[in-house]
Number of protein chains: 2
Amino acid sequence: MTTSAAAPTRRDQILKEAARLFAERGFHGVGVDEIGAAVGISGPGLYRHFAGKDAMLAELLVGISGRLYAGGRKHVEAAAGDPAALLDRLIDGHIEFALDDRDLIILHDRELDRLRDSDRKLVRQLQRQYVELWVDAVRQLHPQALEPQVRTAVHAVFGLLNSTPHLSRRATLPGRAAMAALLRRLAHGALAAVTPY
Amino acid sequence: MTTSAAAPTRRDQILKEAARLFAERGFHGVGVDEIGAAVGISGPGLYRHFAGKDAMLAELLVGISGRLYAGGRKHVEAAAGDPAALLDRLIDGHIEFALDDRDLIILHDRELDRLRDSDRKLVRQLQRQYVELWVDAVRQLHPQALEPQVRTAVHAVFGLLNSTPHLSRRATLPGRAAMAALLRRLAHGALAAVTPY
DNA sequence: ACGAGACGTTAACGACCACTAACAAAGATC
DNA sequence: GATCTTTGTTAGTGGTCGTTAACGTCTCGT
């Protein structure tokens, strides 16, 4: 056994399966009995671990938003004022998330409105702060670009990087390394075009 | 029974409002009573115009997929063998769809799995054919690029162009013309980077 | 040993919801 | 002017689903 994350606790199992099912069939399209069956217990047994179905979704979305933002802040520190290096790191970090946590990437922008007001506000705030990290980095590299355009471009690049879940599983896809390299090139190519020339 | 074209018929009203509501709160998150109320009639009154809730979603998704593919084919003819011109047209056409039919763009990749098998197969086929138009165009411009990479890149550009629905409505956004111009630049920038150099 | 708490189970309740039944009014058709 | 079609209404039905209640069992700490 290596570092952290000893045995996956039952809570973690539930969260993982819930994420998969929510991403597959939508929050309203999945019943608690299904989630329970996916971890080998029966529907109401879930309530020993979560206050309700909403609580599972909330924990998933707050979790992914928080980790994304935390990762972004780490990159800001590590890049230490070099905007080009910072952008490289942000892109690579986001690609890692997109390739590793496909289910959460889907839920992240699809089921946000199913949250209680307070949770939704928190997730939105984390998202906004994460976007702000990107916008600042891009604006340093493109000082003459207008702020609304930069913001739009950043959202567009998120759409680009988050596109991997939409790929059909049957098709022959590039391997993980090739996929990461391709997405990196595409993202850089797109962002290089925020300013007309 | 023929095609209806002139004045917005009640069917069209229903489809438009259903699209808006489905995009806002998800297929399972909207009740038939809500859809009815949005067009001024009450829930069960909808069944004079559609066989059921599923039928509305099916018609929306088949419709958008068909129009996208038909538009793509039109561009192939109009470009007449010039791959650069073809790609320009495909990008511009897709941007028009993304800006005009935000709701349908959302539904298009979000609620596909709620369809009956036969409808889902049809939509998937139309989507696949549309993608193929793009892949062919890009491969002509980048003959040395591997096919899986091109396919992935095309999907990624779709994600980029379809990102406009995710923009918060409160923020100051570029106007429609500026938005279209920006998306066009970003898409071209990304696709120019499918080949390493 | 022996409670105590953690972790499950099945049964039932209450709300919601897509859909159907039965009925009514306005216009077109003959 | 009688009737059929179109388009709507309200009331009800069957099923699904999230959640709670009541009840077992297994594992420990003391």
Side-chain angles (χ1 to χ4, degrees), chain A residues 6-61 107 111-120, chain B residues 1-61 107 110-120:
Chain A
T9 164
R10 169 110 321 169
R11 259 183 83 90
D12 297 335
Q13 288 179 44
I14 295 172
L15 283 175
K16 189 180 163 192
E17 294 302 314
R20 185 177 57 81
L21 290 167
F22 289 161
E24 255 178 30
R25 298 209 284 284
F27 180 68
H28 289 299
V30 180
V32 289
D33 289 352
E34 278 178 283
I35 303 174
V39 297
I41 69 180
S42 225
L46 296 171
Y47 287 77
R48 297 286 172 201
H49 304 274
F50 293 93
K53 215 175 94 169
D54 304 341
M56 301 179 205
L57 183 64
E59 190 154 330
L60 286 171
L61 293 191
L107 293 179
E111 308 284 0
L112 181 58
D113 296 326
R114 276 53 146 185
L115 258 50
R116 283 173 27 230
D117 275 19
S118 62
D119 290 323
R120 191 172 56 245
Chain B
M1 48 167 75
T2 57
T3 59
S4 53
T9 164
R10 167 116 313 172
R11 259 184 83 89
D12 298 334
Q13 289 179 44
I14 295 171
L15 282 176
K16 188 179 163 193
E17 295 302 313
R20 184 177 58 80
L21 290 167
F22 289 161
E24 255 177 31
R25 299 208 283 284
F27 180 69
H28 289 299
V30 179
V32 289
D33 290 351
E34 279 178 283
I35 303 174
V39 297
I41 70 180
S42 225
L46 297 171
Y47 287 77
R48 296 290 172 196
H49 304 274
F50 293 92
K53 216 175 92 169
D54 303 341
M56 302 178 204
L57 183 65
E59 190 154 330
L60 287 170
L61 293 192
L107 293 180
R110 184 170 299 193
E111 308 283 0
L112 180 58
D113 295 327
R114 276 51 144 187
L115 257 49
R116 282 174 24 229
D117 275 18
S118 61
D119 292 322
R120 191 172 56 244

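Note: hydrogens, waters and symmetry copies are ignored here, and every other heavy atom, side chains too, is used. Reminder, nothing fancy here: chain letters follow the sequence lines and each chain counts from 1.
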**Message:** Tell me whether the side-chain N/O atoms of H28(B) come closer than 4.0 Å to OP1 or OP2 in dC17(D).
**Reply:** no
**Request:** With the side chain of S42(B) defined as its heavy atoms from C-beta on, choose the nearest nucleotide among dG18(D), dC19(C), dT9(D).
**Result:** dT9(D)
**Prompt:** Hey, does G43(B) reach any base, or is it just sugar-phosphate, or nothing, if we go heavy atoms under 4.0 Å?
**Reply:** nothing
**Prompt:** With a non-hydrogen cut-off below 4.0 angstrom, is G45(A) in contact with a base, only sugar-phosphate, or nothing?
**Reply:** base
**Prompt:** Rounded to the Å, how far apart are F22(A) CZ and dG18(D) P?
**Reply:** 9 Å
**Whole-Å gap separating C1' (dA21(C)) and OH (Y47(B))** = 14 Å
**Prompt:** Can you tell which of dT7(D), dG18(D), dA18(C) lies closest to the side chain of V32(B)?
**Reply:** dA18(C)
**Request:** Please figure out whether R48(A) or D33(A) has its closest DNA chain D nucleotide nearer the 5' end.
**Result:** D33(A)
**Request:** Calculate the interatomic distance between M56(A) atom CE and dG18(D) atom C1'; express it in whole Å.
**Result:** 10 Å
**Message:** Rounded to whole Å, how long is the line connecting atom CG of L57(B) with atom P of dA18(C)?
**Reply:** 13 Å
**Validation row: F22(B), R110(B) side chains within 4.5 angstrom (heavy atoms)** = no
**Complete:** Among the nucleotides dC19(C), dG8(C), dG8(D), whichever has the atom closest to the side chain of P44(B) is dC19(C)
**Request:** May I have the distance from R114(B) (atom CZ) to dA18(C) (atom P), rounded to whole angstrom?
**Result:** 14 Å
**Request:** Would you check if the side chain of R11(A) reaches a backbone N or O of H49(A) as a donor-acceptor pair within less than 3.5 Å?
**Result:** yes
**Asked** Could you state the CD-P distance from Q13(B) to dG8(D), rounded to the nearest angstrom?
**Response** 9 Å
**Prompt:** Base, sugar-phosphate, or nothing: which does V39(B) touch, judged by heavy atoms less than 4.0 Å apart?
**Reply:** nothing
**Request:** Write down the distance between CD1 (I14(A)) and C1' (dC7(C)), rounded to a whole number of angstrom.
**Result:** 11 Å
**Prompt:** Quick one: does I35(A)'s side chain get under 4.5 Å of V30(A)'s, heavy atoms only?
**Reply:** yes
**Item:** Any R10(B) side-chain N or O less than 4.0 Å from OP1/OP2 of dG8(D)
**Value:** yes
**Request:** State, yes or no, whether a side-chain contact exists between R10(B) and I41(B) at a heavy-atom distance under 4.5 Å.
**Result:** yes
**Request:** Take atom CD1 of I41(A) and atom C1' of dT9(C), then tell me their distance rounded to the nearest Å.
**Result:** 10 Å
**Prompt:** Are any side-chain N or O atoms of E17(B) and backbone N or O atoms of V39(B), one a donor and one an acceptor, separated by less than 3.5 Å?
**Reply:** no
